Protein chains: 2
Amino acid sequence: MKQNRVEKVLSNMQEMGLEQILITDPVSIFYLTGSLTDPGERFYALNMDKNGECRLFANNLFSIPEIDGLEVIYHSDAVSFMPQLEKYIDKTKPLGVDKNLNAKFLIPMMECSFAESFKLASTCVDSARAAKDEEERELMRAASRINDAAMARFRGLIKEGITERELASQIEGIYKELGADGCSFEPIVGFGANTIDGHHVPDDTVLKEGDAVLLDVGCKKDMYCADMTRVFFYKREPDDEVKKIYALAKEATETAESVCAPGAVFADIDRAARSIIENAGYGHTFVHRAGHFIGLEVHDFGDVSALNHTQAVPGNIFSIEPSIFAAGKAKVYIEDLVLITENGKEILNKYSHDLDVVE
Amino acid sequence: MKQNRVEKVLSNMQEMGLEQILITDPVSIFYLTGSLTDPGERFYALNMDKNGECRLFANNLFSIPEIDGLEVIYHSDAVSFMPQLEKYIDKTKPLGVDKNLNAKFLIPMMECSFAESFKLASTCVDSARAAKDEEERELMRAASRINDAAMARFRGLIKEGITERELASQIEGIYKELGADGCSFEPIVGFGANTIDGHHVPDDTVLKEGDAVLLDVGCKKDMYCADMTRVFFYKREPDDEVKKIYALAKEATETAESVCAPGAVFADIDRAARSIIENAGYGHTFVHRAGHFIGLEVHDFGDVSALNHTQAVPGNIFSIEPSIFAAGKAKVYIEDLVLITENGKEILNKYSHDLDVVE
């Protein structure tokens, strides 16, 4: 077990008054054990008690490597895991459970009174995961360094006659050439007004002079994720409105980044970006939160939104990506990853924010 | 809304004594609406009441097309969906919930007494999904036809000097050439003793004379999944033990297939396959269920296992894949998809079961 991480979880459990938890997010289990398993629909859970004793419940289809300080208890497709698990849960005490524990497992546990009560307790692990240690920060820097270098390569693909699909299909290969393991998510590539649909899938749209070219892309390296967005313009400058929203998007991102520091409230960071866009009369075009946490997953727990009133702490890493669109023309957002440090912040992406016309 | 499917769900709700349910599996929502959205970590749920009134709760980041008979109620990252949803739930009645509803959403609903109680109710949709209608059967046949044709092409890749990774990397392209949309899951390709690890990832292992070549592969077409396994041998026949386990695997699959019919109990189908392997002294090498349901997902709800005492009904489609291995040498399983028809069964895969040595 990664003992320093187990200690953080134990201290969070103590703060919540919990003596036992059940962690079912395979990525959280990886974070604590160093071993990743995708259990599909099968039960897979790490039980931890207040003394730090850990037991992993796994289907015998999966072979879990030997891990110091971890007992692995196997079940099979032919025998329910419930009686095994029951032995280790103190029925007279609350049980903390993971936010992604399925009703499929949770409701039967409730129905047979597995524990005194069931508390949502994934913040015990999630807040540990959200405050990256030095080893993790270095891995996040490395992934974003590749993403910066890759963006320059992607810019080089912006050429007469290329389609969104052709551009998108080259992204993973470039990441691998640059040393990444692959994409951290399906790249978003949009030309012109296609940029406005936040879930546009790259299609056969051919690049035209004057088009915005939006690239929202990330790689994964050694399990950690990068995520960055830049918008280029092809062959000529955009019209005045698009130039204006570009300047606003840049100002919104840079202003939000400037207020990032330990102690800053996430809702205030969101507000800093949002005010700029609202004051310019484009508030209705910025329909999402200003950013999301990132690490072992592209969307880690935690976000930069009006609903998050917690304060930033050293090791937090999140995106800043306020967006703005001009109807029928283009959407623009400049997305960087920000690391909160002990004294301030570090912007993990160094790629220029300036309006860039690709000849 | 797909009204015939809504009717099936309503009838299942009535049977369970439920007047309201919350469906959160995006694939189940697609099954009922024809519209697919991947909400990531955001709340996304279809609420259906006993009168068949349907409301979809979605984040405004996602644009849901107009759907007949469906009201879409949007929330945003800045405002919780809970007060909106609360208005539509009758607090004095039980609420049926999906098996994959996360504790993240379920526990807060319980804590604010959203409903009189919470019942696991995904079988209302899952058992509808498990009994494929004629349109779905045709799509499943089409996907498996491509899989059969593709298997012949994959066989052609078995050549001097090829590695597992090189073979695996060509699979998706071949599926697309044959008209599929892509893979339904990451292909399992193993040579020699690598076949024994059920979760082996194709690596740089080079094909050697006498190797078993295991291909557990599936394509997806028009949202429906195929899944089939064949084991070939390279250049020469395997030794006597592997020949024996090949014959046993073939007999186990064919025997289990032969007992498939409406009314057959799934545990008995599993038993039919398992007895053959156990009686030959290899029971300890067959560590998983004999098969899984399949349709819109590779692993749909339902399986062919000792724990499933329900009876097969027309429209059920599932895999039969009893496996057996000779330690240090090879694992063998012959996997087909079986459709239960009104009068019997139809084996969706036609590719030969015979031992095949590729020269």
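Scope of the values below: all heavy atoms of this structure, side chains included, with no hydrogens, waters or symmetry mates. Predicted, not measured: the structure shown is a model, and the values here were computed from it. Naming: A, B, ... by sequence-line order, numbering from 1 per chain.
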> Does A:Glu166 CD have over 12 foreign heavy atoms under 6.0 Å away?
Replying inline: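 Buried by this count: over 12 neighbours within 6.0 Å.
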> Within a radius of less than 6.0 Å around CD of A:Glu186, do more than 12 heavy atoms belonging to other residues, nucleotides or ligands occur?
Replying inline: no
>> I need the A:Lys104 NZ to B:Asp98 CG distance, nearest 0.5 Å.
In response: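 Spacing of NZ (A:Lys104) from CG (B:Asp98) equals 11.0 Å.
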>> With a 4.5 angstrom heavy-atom cut-off, is it the side chain or the backbone of B:Asn59 that approaches chain A, or both, or neither?
In response: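 Contact with chain A is absent: no heavy atom of B:Asn59 under 4.5 Å.
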[X] versus chain B, the contacting section by heavy-atom distance below 4.5 Å:
X	result
A:Ala306	side chain
A:Asp270	neither
A:Ile107	side chain
A:Arg42	side chain
A:Leu106	side chain

>> Below 4.5 Å, heavy-atom pairs only: which of B:Asn308, B:Asp303, B:Val97, B:Asn60 has the largest tally toward chain A?
In response: B:Asn60
> So which of B:Glu111, B:Lys119, B:Arg289, B:His299 has the largest heavy-atom pair count under 4.5 angstrom toward chain A?
Replying inline: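 So the answer, after comparing B:Glu111, B:Lys119, B:Arg289, B:His299, is B:Arg289.
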>> For A:Asn102 versus B:Asn102, what's the shortest heavy-atom pair and its separation?
In response: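 Taking every non-hydrogen atom into account, OD1-OD1, 3.6 Å.
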>> If the contact rule is any heavy atom under 4.5 Å from chain B, which residues of residues 75-82 of chain A qualify, in numerical order?
In response: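 Hits under 4.5 Å: A:Asp77, A:Ala78, A:Val79, A:Ser80.
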>> Go through it in stages, so that I can follow the logic: the residues are A:Lys99 and B:Glu41, the test is side chain to side chain contact (heavy atoms under 4.5 Å, CB included), and I'd like the CA-CA distance, side-chain angles, deciding distance and then a yes or no.
In response: CA-CA 10 Å; A:Lys99 64 180 185 298; B:Glu41 72 275 29; over 6 Å; no
